[in-house]
Amino acid sequence: MLEKTYDPNDTERRIAVAWEKAGVFRAGAGADARAETFSIVIPPPNVTGSLHMGHALNNTIQDILIRFERMRGKNVLWQPGMDHAGIATQMVVERKLYEKKQSRKEMGRKKFIQCVWNWCHDSGAIIANQLRRLGISCDWSRERFTMDERFSDAVLEVFVSLYKKGLIYKDKQLVNWDPKLLTAISDLEVEQKEIKGNLWYFRYPLEGVLFNPLDSSTFVVVATTRPETMLGDVAIAVNPNDRLHAKLVGRRVILPFVGRKLSIISDDSVDPESGSGLVKITPAHDFNDFDIGRRHRLALISVLDRKADIVLKKNFEFMKGLERSFLLNELILKLDGQNRFVGRKKILEMMKEAGYLHEIKPYSHMVPHGDRSGVPIEPILTDQWYINAAELAKPAISSVHECSTNLIPKGWKKTYFYWMDNIKPWCISRQLWWGHQIPAWYGPDGKVFVEKTEKEAEAVALHYYGQKMRLVRDQDVLDTWFSSALWPFASLGWPQKTEDLNMYYPTNILVTGFDLIFFWVARMMMMSLHFMDQVPFRTVFMHALVRDKSGAKMSKSKGNVVDPLQLMDEYGADALRFSLVMMAGQGCDLKVDSARIAGYRNFCTKLWNAARFCKMNAPMQDFDFVPEETQLNVNRWVLTELTRVSSHVTESIASYRFHEAATALYSFVWNTFCDWYLELIKPLLQNSSHSDLIEIKGCVSWCLDNVYKLLHPFMPFITEDLWAMSKTARSDLLAVTRWPLLHFRDEGAADDMNWLVELVSAIRSLRGDLSLPSKLQVVLVIVGADDFDCKRLSSYQSMIKRLARIEKITFFNESPTLAAQMVFRNMILCIPIGSLLDVEVEQVRLRREIEKILKKIAKITEKLSNNQFIEKAKSEIVMAERKRLEEYQILKERTERALAFFDSNN
RNA sequence: GGGCGAUUAGCUCAGAUGGCAGAGCACCUCGUUUACACCGAGGGUGUCGGGAGUUCAAGUCUCUCAUCGCCCACCA
């Protein structure tokens, strides 16, 4: 005998092992030689990560598709793997070292990298096991890592190839610099945050007049949010159409303290409405100013170093040709080596003291921050490697236009195009140690040799110099997303021409969160199209992001992280999976609420108990059940409903409407199968012929077996477990059993049983209105039944009696006295309850009923008397309305008759 | 500043191609009917955010306004 409740913990662990042992997740397992393929590459989780709700959702969706297609007999590959996650992993390991009072720098690069590798080996298995715990069925025998040897080979191949085509190049540009992590980052890794600060208005004295803070003709006013960069100012710009200020063009101002002479220039990009209308230009510390500087050939004067500390003394260009005034000396003394925040304060003090501070206005504006470090980034002039993304984007754009790749939901196309159409060079070098080191070697004269190996680089250098020269390798590593972009083809063995690539590329679908559309999806499109000449996936399914109960993003610092492992321990992996799917509509947010997960845990218990009932009442039969051979309408009905739900589920999964599939199954199992079918057959189990009993028992088990199959992609553990216990299970695991394709339908039986369900519900509702004790058996008197009704009533009377607690059904022409009445279709149902009946209450109830009906009738009549409606609406709609009207009129007439009976007998 | 999405029952949300407003949870009443109390039966009057338009017909399509959220953007 089974326990009353399902215990997921033991079961899930046991079954996960069984699957793995049987090798059923191997690519192509169980498929025919000529089967269609279906492939997915997993979004590789960070190697140091641990399972969070986003992973749980993402992998559940993929697993549903994979299990579904595997059961449909396809040759399925789900390629797993992990990402080395450059910055993230390096940060984690550095933090660990810091706890041990060690540092990366002291350790040296080689040792540090070894340390990271050790950490990866330890940590990598954790998330893989957590994914197994969730039941995901990827082929772990083929696990790949974005830093493994074969993958590195792909990375080198791509880098060298793009370099030689001129699509990768080195450039000295302003770059987003993270002063905490001390590396360049790409535009995408910059987060704009609104900061409430000030706008400071400075007075810069005009050249050739004596500066007087009280005389506005002796200075110009410029506004800035970044006072600390003023020492790098090289010009002042105004809009040429700014009537107020354009006349200043050509004059010069003196940069306070420093004494540098700044020309006032005109440039279209200046907004005369903004700030004071005059902008100070600091090309070394601002992207916009950098462009203006380039247009006007202005000098670049850098006053911040890589740590964003102010550097004055060491700055040769800054000092050149300047007399060091007293003030300048003082400035250097106060500022040199200070960090940017202190520097700002000190500059402001000095400006104020010297009368150069004109005004301060509170001002809130967007300040770029590093997404990992959280500190404000600095635009800094450095040498970095870039990809010409605009070039690579072209085929990636047209492929989506041509629908070679479909984005779901399709609204994301617009976002994709907008970004791709405006894509800028992608900075791919990072000043980190953990990652793919850039395959570039430099000769003594700085000449760069880009080759896959040092040997090859040396060979080329030998040819170039005519003699052997010492080469030094570029110290930088590549952006993690550079290697992630190769995932769909490199994980299948590229650059080798592998059988896997042949068979499984392009993949069918990529499942990912919409937050990765630029970081990852777009870049995979670019790289894959360039190197494979084919899209990486036919479909991209973008799902919502998991939020907490109140809709906020989960983060460790907020402490609102919901741990999927804990939820699985509490409710089981199946319940978690089911709730994620139920919530994964196509919105943007998905709120996790444990009450809901508990609800699906209850659903597991419900299913478990249906199986338990089956085991108790319909144990093993040596019987090959064939739906077409059934005789009993109750069976033919439930089989019809099962066919309906199975095709609904199949269609829904195939079109990625997972929520719909899950809802259909939930409602079939709970409402149709448990609440009605099992209740309906209970009386039959005690009191039926042998052949009927065999049919019923066969039908119950057969339905459950099919339910297990249909539910398996959603709830793999419990269904596998129940499958193993069910009579029809031979040695096969459910995971590789064929998906059911059901055809049996008997609409007549379905009509009968749906009528029965409605009838019983109506009687129960009437009983409820009368507050009859549920144990009380009553007599049901039926008035106005026709032959058809009578036939139905007698065929199903044992079911009706049991489910509605009726001791006897009789037929009358008139309603009996002291009976509660209710109209059901064209009959009046009466329950004579004698003195228990409160006639007045009944009258009120019936009157209210009539009122409702009249409203409906009025509405439909209005519709039908509208000629436009009759003329223009589809004929089946008009017919349906007429039929409804007829039904309501019968209802009205019968209800009035019931009421009249009371009125006349009172 | 631009783009996208949301607004439906107390809460969380479903409602493809317009045609009788739904589910789960919560709540109330009743119930130890031999699978399940993680259960069963019964219980819903919601200006479908406001306004306008198209249509015989609008939660659904168009416009507009409001509120909220997200993404993108170099603006001092």
Side-chain angles (χ1 to χ4, degrees), chain A residues 2 4-6 187 192 199-201 222-226 237 269-271 274-282 286-292 363 365-366 368 379 409 411-412 414-415 418-419 422 514-515 517-518 545 549 551 553 571 575 579 582-583 585-593 595-596 598-617 655 657 659-660 663 666-667 674-675 678-679 682 686 760-761 764-769 771-775 802-805 856 859-860 863 866-874 876-878 880-881 884:
Chain A
L2 296 177
K4 276 191 175 183
T5 53
Y6 166 66
D187 297 344
Q192 303 288 341
L199 192 57
W200 289 276
Y201 291 75
V222 292
T224 181
T225 52
R226 303 223 38 208
S269 70
V270 178
D271 175 4
S274 192
S276 64
L278 294 115
V279 196
K280 57 190 214 53
I281 306 299
T282 324
D286 183 281
F287 288 102
N288 197 32
D289 291 4
F290 183 82
D291 289 340
I292 296 179
Y363 188 70
H365 62 140
M366 301 301 259
W412 290 109
K414 205 164 177 174
T415 311
Y418 182 80
W419 192 71
N422 296 290
F514 64 79
D515 52 331
I517 186 164
F518 307 140
L545 299 186
K549 214 168 23 184
K553 212 168 177 171
Y571 303 108
S579 14
M582 284 296 238
M583 293 185 287
Q586 306 204 327
C588 277
D589 299 342
L590 184 158
K591 290 167 200 165
V592 176
D593 177 9
R596 193 127 184 219
Y600 298 120
R601 183 267 323 268
N602 297 353
F603 178 58
C604 290
T605 309
K606 190 74 185 175
L607 181 68
W608 179 262
N609 275 288
R612 190 162 172 263
F613 174 84
C614 176
K615 237 178 150 42
M616 289 164 72
N617 292 287
S655 51
R657 298 194 309 268
H659 147 90
E660 211 171 295
T663 308
Y666 182 95
S667 130
C674 292
D675 287 347
L678 291 184
E679 293 305 323
K682 272 178 188 174
Q686 291 160 356
V760 171
S761 302
R764 282 171 174 172
S765 176
L766 180 58
R767 292 181 61 119
D769 286 344
S771 305
L772 295 182
S774 50
K775 255 185 166 175
R802 182 184 161 107
L803 295 182
R805 312 246 116 204
K856 294 271 188 190
K859 214 173 155 188
I860 302 169
K863 223 176 190 181
N866 180 346
N867 284 332
Q868 302 265 36
F869 174 71
I870 306 290
E871 280 165 31
K872 293 189 179 169
K874 279 175 270 176
E876 61 263 34
I877 299 289
V878 179
E881 287 296 319
R884 273 183 67 210

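Sequence lines set the chain letters: A, B, ... in the order given, protein chains first and strands last, and positions in each chain run from 1. A quick note: this is a predicted structure, and the numbers were derived from the prediction, not measured. Below, each value reflects all heavy atoms present in this structure, side chains not excepted, and no hydrogens, waters or symmetry copies.
As a whole-Å value, the separation of A:I517 CD1 from B:C70 C1' is 13 Å. Distance, A:D675 CG to B:G31 C1': 15 Å, rounded to whole Å. We find that CZ of A:R767 is positioned 20 Å from P of B:U29, with the value rounded to whole Å. If you measure from atom CH2 of A:W419 to atom P of B:A73, you get 9 Å, rounded to the nearest angstrom. Rounded to whole Å, atom P of B:A41 lies 8 Å from atom CD of A:E679. What separates CG of A:L590 from C1' of B:U12 is a distance of 11 Å, to the nearest Å. As a whole-Å value, the separation of A:R612 CZ from B:A37 P is 8 Å. When the P atom of B:C4 is taken as reference, atom CG of A:L545 falls 19 Å away, rounded to whole Å.
Closest approach of A:F869 to A:K863, counting heavy atoms only: CD2-O, 3.4 Å. Taking all atoms of both residues into account, the shortest heavy-atom contact from A:Y363 to A:L199 is CB-N, 3.5 Å. Between A:S276 and A:Y201, the closest heavy-atom pair is N-CE2, 4.0 Å.
Using Watson-Crick or G-U wobble geometry with both donor-acceptor distances under 3.5 Å, B:A66 finds its partner in B:U7. B:A23 is paired with B:U12 under the criterion used here, namely a Watson-Crick or G-U wobble arrangement in which both key atom distances are under 3.5 Å. The pairing partner recorded for B:C61 is B:G53, the criterion being a Watson-Crick or G-U wobble arrangement whose two distances lie under 3.5 angstrom. Pairing for B:U17 is absent, with no Watson-Crick or G-U wobble pair whose two atom distances lie under 3.5 Å. Summarising the base pairing, B:U45 is matched to no nucleotide, lacking a Watson-Crick or G-U wobble pair whose two defining distances lie under 3.5 Å. Pairing for B:G1 is with B:C72, a Watson-Crick or G-U wobble pair whose two hydrogen-bonding atom distances lie under 3.5 Å. Pairing for B:C39 goes to B:G31, judged as Watson-Crick or G-U wobble with the two contacts each under 3.5 Å.
For a distance-only test at 3.5 Å, the side chain of A:K606 qualifies as a donor-acceptor partner of the base of B:C36. A:D286 contributes no side-chain N or O that forms a donor-acceptor pair with the base of B:C74 under 3.5 Å.
Taking atom P in both B:G5 and B:G15, the straight-line distance is 15 Å, to the nearest Å. Comparing the C1' positions of B:U33 and B:A14 gives an interatomic distance of 34 Å, to the nearest angstrom. Comparing the P positions of B:G1 and B:U45 gives a spacing of 45 Å, expressed to the nearest Å.
Along RNA chain B, the nucleotide nearest to A:W200 and the one nearest to A:R802 differ in position, and the one closer to the 5' end is contacted by A:R802. A residue-by-residue look at A:D291 and A:T5 shows that A:T5 has its nearest nucleotide of RNA chain B further toward the 5' end.
Using a 4.0 Å heavy-atom distance criterion, A:Y6 is classed as making no nucleic acid contact. Looking at heavy-atom distances under 4.0 Å, A:R601 makes contact with a base. At a threshold of 4.0 angstrom between heavy atoms, the contacts of A:D271 include nucleobase atoms, whether or not backbone atoms are also involved. Among the atoms of the strands shown, base atoms are found under 4.0 Å from some heavy atom of A:C674.
Ring-plane geometry between A:F514 and A:W412 is classed as parallel, the angle between the planes falling under 30 degrees on a 0 to 90 degree scale with a further cut at 60.
Of the candidate nucleotides B:U33, B:U12, B:C36, B:U12 has the atom lying nearest to any side-chain atom of A:R596. Of the candidates B:G3, B:A41, B:C13, the closest approach to any side-chain atom of A:R764 belongs to B:A41.
One finds a side-chain N or O of A:K4 lying less than 4.0 angstrom from the OP1 or OP2 phosphate oxygen of B:C36.
Because its glycosidic torsion is within 90° of 0, B:A16 is reported here as syn.
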